[in-house]
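Before any comments, here is the structure.
The sequence lines fix the lettering, A, B, ..., with proteins before strands; numbering per chain opens at 1.
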Protein chains: 2
Amino acid sequence: MHTQTAASLEINRRPSSSISSRQPHAEGPFGMTGTPMRFARNSEIYGEDEAAGYLYQVVSGAVRTYKILEDGRRQIGAFYLPGDIFGFEASETHIASAEAVCETRVIMVKRAALMVRATHEKDLARQLWDATAQELRRSQEHLMLLIRSAEDRVVGFLHDMARRAVKTATAIELPMSRQDIADYLGLTIETVSRTFTQLEQNGIISLPTSRRVELRNRAMQNRLMAA
Amino acid sequence: MHTQTAASLEINRRPSSSISSRQPHAEGPFGMTGTPMRFARNSEIYGEDEAAGYLYQVVSGAVRTYKILEDGRRQIGAFYLPGDIFGFEASETHIASAEAVCETRVIMVKRAALMVRATHEKDLARQLWDATAQELRRSQEHLMLLIRSAEDRVVGFLHDMARRAVKTATAIELPMSRQDIADYLGLTIETVSRTFTQLEQNGIISLPTSRRVELRNRAMQNRLMAA
DNA sequence: CGGCATATTGATGTCTATCAAATGGCGTGG
DNA sequence: CCACGCCATTTGATAGACATCAATATGCCG
């Protein structure tokens, strides 16, 4: 049920060396100047209970936030894709950890600087509030998925990805592993895998590779084309 | 699985007559002047997709927010108890419906008035943001419950109630039915009932009545006493 | 080619849902 | 005050979905 061996966790624990390519300035979220950063696959962006010093925007790649339960299981709270802003599950300290799902570039903006500007720029204050409210809605959508059947959860996840993820004309490219999907949906990796297979057998999707999903269903194709 | 018969829904649909005891002014959340209102058991406070005109604070009683799934099941998103502020699952429109769990008094404040004041009172803007962030954390806690076993979910729910609910020296008074609890935890009423029985048989709780829960476990008693 | 991580498939067990019935609590009217 | 009816809750029997344990397959990189 739990996700990673001690060994792989250790590997993940040397993220500092993976940070590179710092340039002092770049356009960040909320029109702020931010710091571009690179994170290697599985490296930590921030840890649970750390002081929340920054807000982040994904430039390329993908990010997962997660918490580890007492029994060792990992619950992924969200995936963030290019353009998404994250780091909002926080007021003073983060309530989840964040890691790069794959090679990822983000822009970081100092939270304190935003707060200062927000005190006299009412528009910015409103944007920050809205972003948090949107995150709340996203969390509630996620919660609604978790009470449904395995098939519904996987289909719901694919719908979401079809709307948000990097995609070609015919397929979605999933940046995350089956284990990541399982930990997001509260299922085991075996159940996720079996559900993918079953969706393929039912002609709802096809799987040219395990990370590439073509949606054969009209409703899903519409989602794929929209936005 | 679903919760209410058509008949009982109809009964719930005459809430207007249940509103009474309107006084023009009372101290509301965020130091605002608000309108006190009474709602009868099971009456609607607002509906999903309604314009979000107000924020609310519970004075007495209890409120549930919920969404109905396509298959007819009801998912309760949160319970709000005296002192709690709700109505934040919204930017323009509500994303859930709200109902009184039992005879309930709330104070309503106009969202628009708050927004106006928030533009020049930076402290108020910050309070609104914080309240939304807290709601986000609450939602994430709820989400973490839903991936656990039935027993863990019920225990987690009781922990939360022990911290928040009206309580005597020795017991918690639950304002909500087993069905409400089931719909909050993503379980059936039968499983919730069996889990209560089993917790009692294991000496973890005792149930003088179905709505009154005494915590026999030290960790839970500590929660009961704290806060 | 070999080694390792990821993914799939198979066999079996457990937990919770479902269907069904019995019990308990409480207000109303006789 | 008691009997009845209604609703909430509990209990029982069974089925189904997903987890678990185990093995095999696939892909990737050195």
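- Taking only distance into account, the side chain of B/Arg194 meets the base of D/dG12 through a donor-acceptor pair shorter than 3.5 Å.
- The phosphate of D/dT10 has neither OP1 nor OP2 within less than 4.0 Å of any side-chain N or O from B/Ser210.
- Rounded to an integer number of Å, the gap from B/Glu190 CD to D/dT10 C1' is 10 Å.
- OP1 or OP2 of C/dG25 has not a single side-chain nitrogen or oxygen of B/Arg211 nearer than 4.0 Å.
- Checked against D/dT9, C/dA17, D/dC18, the side chain of B/Arg178 finds its nearest nucleotide in D/dT9.
- Both B/Thr197 and A/Thr191 lie close to DNA chain D; mapped to their nearest nucleotides by heavy-atom distance, the more 5′-ward contact belongs to B/Thr197.
- As rounded to whole Å, 10 Å separates atom P of C/dA17 from atom CG of B/Leu185.
- The side-chain hydrogen bond (donor to acceptor under 3.5 Å, both in side chains) analysis of residues 195-207 of chain A, with sequence neighbours excluded, yields the pairs A/Glu151-A/Gln198, A/Ser206-A/Glu214.
- To the nearest 0.5 Å, atoms CZ (A/Phe86) and OG1 (A/Thr65) are separated by 8.5 Å.
- In this model, the phosphate group of C/dT6 is approached by a side-chain N or O of A/Arg41 to a distance below 4.0 Å at OP1 or OP2.
- Residue pairs meeting the salt bridge (Lys or Arg N to Asp or Glu O under 4.0 Å) criterion with at least one partner in residues 132-148 of chain A, sequence neighbours excluded, are A/Glu135-A/Arg138, A/Glu141-B/Lys67, A/Arg148-A/Asp152, A/Arg148-B/Glu70.
- Rounded to an integer number of Å, the gap from CG of B/Leu207 to P of C/dT23 is 20 Å.
- Atom CG of A/Asp183 is separated from atom P of C/dA7 by 12 Å (rounded to the nearest Å).
- Listed pair B/Arg153 / C/dT16 fails the phosphate criterion, with no side-chain N or O lying under 4.0 Å from OP1 or OP2.
- B/Ser149 comes within 4.0 angstrom of the backbone, heavy atoms only, and of no base.
- Between the CZ atom of B/Arg148 and the P atom of D/dA19 there is a distance of 15 Å, rounded to whole Å.
- A donor-acceptor contact under 3.5 angstrom links the side chains of A/Ser60 and A/Arg105, judged on distance only.
- Taking the side chain as every heavy atom from C-beta outward, A/Leu199 and A/Val154 approach each other to under 4.5 Å.
- The CD-P distance, from A/Glu151 to D/dG16, rounds to 17 Å in whole Å.
- Taking atom CD on A/Gln198 and atom P on D/dG16, their separation rounds to 15 Å, with Å as the unit.
- Whole-Å rounding puts the A/Ile147 CD1 to D/dA17 C1' distance at 16 Å.
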